[in-house]
Amino acid sequence: MTNRNTVTWNSMISALAKNNKINDARSLFDEMPLRNLVSWNTMIAGYLHNDQVGEALKLFEVMPQRDPFTWTLVITCYTRSREIEKARRVFDGLPQEKRKPACWNAMIAGYLKKGMIEEARRLFDEMPVKDLVSWNSMLACYTQNEEMNMGLKFFVEMGERDVVSWNLMLHGLVQINDMDGALCFFRRIPNPNVVSWVTILSGYAKVGRIVEARGLFDRMPERNVVSWNAMIASYIRNNQVDEAARLFMEMPDRNPASWTAMVNGYVRCGKLDKARELLDQMPYKNVSAQTAMIYGYVQNMRMDEAREIFDGIGSRDVLCWNTMLAGYSQSDRMDEAIQLFKQMNTMNLVTWNTMITGFAQKGQMNEALEILEKMGERNIVSWNSIISGFTQNGLYINALEHFLLMARDGKKPVQSTFASGLSCCANLAALRVGIQIHHLTVKSGYVNDLYVGNALITMYSKCGRISSADQVFNDLDGIDIISWNSLIFGYALNGYGREAIELFQEMEEKGLDPDQVTFVGVLSACSHAGLIDQGLGLFKSMTVEPVAEHYACIVDLLGRAGRLKEAYQLMLGMPDKCNHPGTWGALLGACRVHRNIELGKLAAEKLFELEPRSTSNYVLLSNIQAEAGRWKEVERVRVLMKERGVEKQPGCSWLEAKNGVHSFFSHNSKESNMADICDVLRVLTAHMKNTRYMLDINLFLLDYE
DNA sequence: TATGCGTAGT
């Protein structure tokens with residue numbers, strides 16, 4: 001059947017496939033006059049080489065006969081698509097005599113990719129005939145899973161070693177950043193080849209030792225395109241894109257990886273137009289380079305250009321889809337994200353998580369939950385996205401519920417989970433739950449994480465346990481500006497103005513530069529504690545550019561002292577015309593306390609303009625007018641509210657007692673013992689009548705109605 | 001003369 005001619009066709013197909021010209025290879029395969037078994041195997045191997053597992057399997061289905069080569073190829077197909085069980089079924093179905101060592105080796109390699117070292121070892125021990133590739137495959141299981149102690153033991157036990165064995169060990173040492181060990185090893189390799197050199201070179205680049213990497217590159221006895229690519233990638237890794245570009249121009253020949261590395265390099269340093277220029281010049285564009293370009297556009301909010309590249313890609317992989325999807329999801333364009341999502345036929349965990357994050361950011365938590373339900377396997381990122389989504393949308397109880405559901409799903413919280421959970425407790429003033437989560441962070445070893453520590457400071461502060469906040473602050477191994485700011489805010493919130501200022505001074509003495517947030521904290525501390533002069537002094541001596549929030553603090557501070565005119569004057573002098581609701585809100589609040597109707601009206605009108613749907617502004621103005629007995633004006637505000645479709649939200653508060661959180665709404669409270677509670681309230685109200693709270697009782701009654 | 005599987009590097 002086979003003639004000389006068929007062999008020639010076969011070798012041409014193989015050569016084309018190995019040079020990534022898979023479509024040309026297929027054309028030849030279809031055209032050839034006489035195919036033998038080797039032709040089919042060659043074509044399947046070609047598809048595997050080009051990462052087209054689906055096409056490979058299609059050919060396998062229709063081929064007329066099979067041999068051990070074929071079976072090895074099929075096992076590799078399944079291990080590449082991470083379907084290890086299918087691979088194993090094929091393997092188990094083979095009769096003993098057809099199980100060549102390569103077949104076993106392919107199976108071991110499959111377990112390696114899944115990190116299933118024990119399974120691999122069992123198979124390795126069962127093998128009747130082991131060749132050097134078998135030993136190397138097993139060694140790779142150890143070195144690629146950072147099991148270097150086992151790896152070294154195995155390496156020593158190996159009767160025979162080749163340069164692949166040495167290179168595997170070398171790569172393992174590089175992966176755990178043990179460059180001293182790696183260099184030692186490299187020096188002892190009997191005949192290091194270009195792979196050995198590239199491995200050690202990349203290792204130095206990985207730990208930032210770019211000069212040593214370049215030294216190795218210059219000393220390499222032979223260089224191929226991968227060596228050049230590795231050096232280019234090293235420069236890009238270390239933010240030296242110009243040096244990389246120089247090498248790119250110099251190199252004798254380039255492959256798609258060279259181009260992709262450079263496109264990626266320009267994208268990483270923000271030179272998008274350079275990246276695009278290169279991409280357009282690429283002789284054979286590949287999906288990796290195009291995806292890098294899409295990523296660049298997406299990160300810079302240039303979605304139209306990203307889409308243009310995306311639409312021009314013939315065969316997209318899952319990374320490409322996910323990059324485009326993340327672009328829409330991050331720029332709040334969920335409708336387009338959904339469209340894309342529906343068109344995808346291969347997805348992975350990242351795909352689903354991207355959708356969750358997108359919905360969560362838009363506040364569409366029901367949609368986010370729907371995705372969580374539908375996805376099969378979830379990871380910690382899926383749960384974190386849901387929990388932080390609820391947190392950021394103010395749905396703290398739901399967030400904490402899902403904290404528990406996550407545990408039921410068998411996933412352990414990490415830093416960001418704890419940060420979200422603690423933030424919920426802070427906002428709910430749920431001290432007991434907060435303390436429980438604190439214990440969990442200790443148990444799981446995250447208590448010294450800076451994010452967690454800072455969240456703990458805020459949690460204790462907002463729950464009124466300033467001493468605990470202080471203790472967390474002092475116990476943290478390393479603190480940053482956010483830790484300082486959190487504690488300053490904590491003191492401010494709890495009325496310890498002087499302590500907040502002291503902390504601020506301590507921070508300055510330690511040589512730390514306060515930022516804008518620090519000043520908001522310390523100014524609000526002055527305001528809450530009535531430290532007028534200190535506050536004004538600090539404001540004048542601020543080392544950062546004042547922003548609206550600082551003005552709001554000062555307006556609040558002056559307002560509380562009754563210095564309304566001064567506050568208003570300050571606002572007029574703000575750099576850009578004051579459009580900050582918080583500042584006007586502070587003024588309006590002060591006008592109510594000090595009964596300044598004219599200024600209050602002015603502030604309110606401005607606020608209606610800035611946030612027409614905010615209930616509290618209407619209520620405040622209405623209260624001011626009511627206190628002055630100007631009922632017609634009160635009526636006017638109520639009509640205004642109706643016209644604009646603003647509805648007063650029912651008042652709500654909650655507190656935490658032994659057995660959970662109790663919430664109270666001004667209507668239809670869920671509490672069953674409401675009658676008892678009202679009795680107590682009446683007693684307290686009577687008591688308050690004889691105190692300085694008397695002033696506000698009429699307001700209380702007005703709201704109560 | 002000449003072809004296909006499994007292990008290492010960008």
Can you tell me how far [atom2] of [N] sits from [atom1] of [X], to the nearest Å?
| X | N | atom1 | atom2 | value |
| --- | --- | --- | --- | --- |
| A:Arg237 | B:dT10 | CZ | C1' | 11 Å |
| A:Asn193 | B:dA8 | CG | P | 13 Å |
| A:Lys130 | B:dT7 | NZ | C1' | 16 Å |
| A:Glu222 | B:dT10 | CD | C1' | 15 Å |
| A:Phe154 | B:dA8 | CZ | P | 14 Å |
| A:Leu112 | B:dG6 | CG | P | 14 Å |
| A:Trp9 | B:dA2 | CH2 | C1' | 15 Å |
| A:Leu132 | B:dA8 | CG | P | 13 Å |

- Message: Taking donor-acceptor contacts at under 3.5 Å, does the side chain of A:Asn10 reach the base of B:dA2?
- Response: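 Donor-acceptor pair under 3.5 Å: no.
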- Which of residues 51-75 of chain A have a heavy atom under 4.0 Å from DNA chain B?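 A:Asp67, A:Phe69, A:Thr72, A:Leu73 - these, ordered by number, are the residues of the stretch whose heavy atoms sit under 4.0 Å from the strand.
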Looking at the side chain of [X], which of [options] is the nearest nucleotide?
| X | options | result |
| --- | --- | --- |
| A:Ser202 | B:dT10, B:dG4, B:dA8 | B:dT10 |
| A:Val194 | B:dG9, B:dG6, B:dG4 | B:dG9 |
| A:Ala233 | B:dG9, B:dG6, B:dT10 | B:dT10 |
| A:Asn255 | B:dG4, B:dT7, B:dT10 | B:dT10 |
| A:Lys113 | B:dT7, B:dA8, B:dG4 | B:dT7 |
| A:Asn105 | B:dG6, B:dT3, B:dT7 | B:dG6 |
| A:Val38 | B:dT10, B:dG6, B:dG4 | B:dG4 |

- Under the salt bridge (Lys or Arg N to Asp or Glu O under 4.0 Å) rule, what pairs show up with a residue in residues 216-225 of chain A, not counting sequence neighbours?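 Residue pairs with at least one partner in residues 216-225 of chain A: A:Arg214-A:Asp218.
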Measure from the side-chain N and O atoms of [X] to the backbone N and O of [Y], and report whether any donor-acceptor pair falls under 3.5 Å.
| X | Y | answer |
| --- | --- | --- |
| A:Asn348 | A:Val350 | yes |
| A:Asn238 | A:Gln240 | no |
| A:Asn145 | A:Glu147 | no |
| A:Asn50 | A:Ala17 | yes |

By the 4.0 Å heavy-atom rule, please label [X] as base, sugar-phosphate, or nothing.
| X | value |
| --- | --- |
| A:Ala140 | nothing |
| A:Ala257 | base |
| A:Asn224 | base |
| A:Lys18 | sugar-phosphate |
| A:Ser234 | nothing |
| A:Val225 | nothing |

- Message: When you measure from the side-chain N and O atoms of A:Gln144 to the phosphate of B:dT7, is any distance below 4.0 Å, counting only OP1 and OP2?
- Response: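 False: A:Gln144 side-chain N/O out of range (4.0 Å or more) of B:dT7 OP1/OP2.
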- Have A:Asn136 and A:Asp162 got a donor and an acceptor in their side chains that come within less than 3.5 Å?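 Judged by distance alone, the side chains do pair up.
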- Message: Nearest 0.5 Å, please: how far is CG in A:Leu48 from OG1 in A:Thr76?
- Response: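 Result: 6.0 Å between the selected atoms.
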- Item | N-O pairing of A:Glu126 and A:Arg99 below 4.0 Å |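 Salt bridge between A:Glu126 and A:Arg99, a charged N being under 4.0 Å from a carboxylate O: no.
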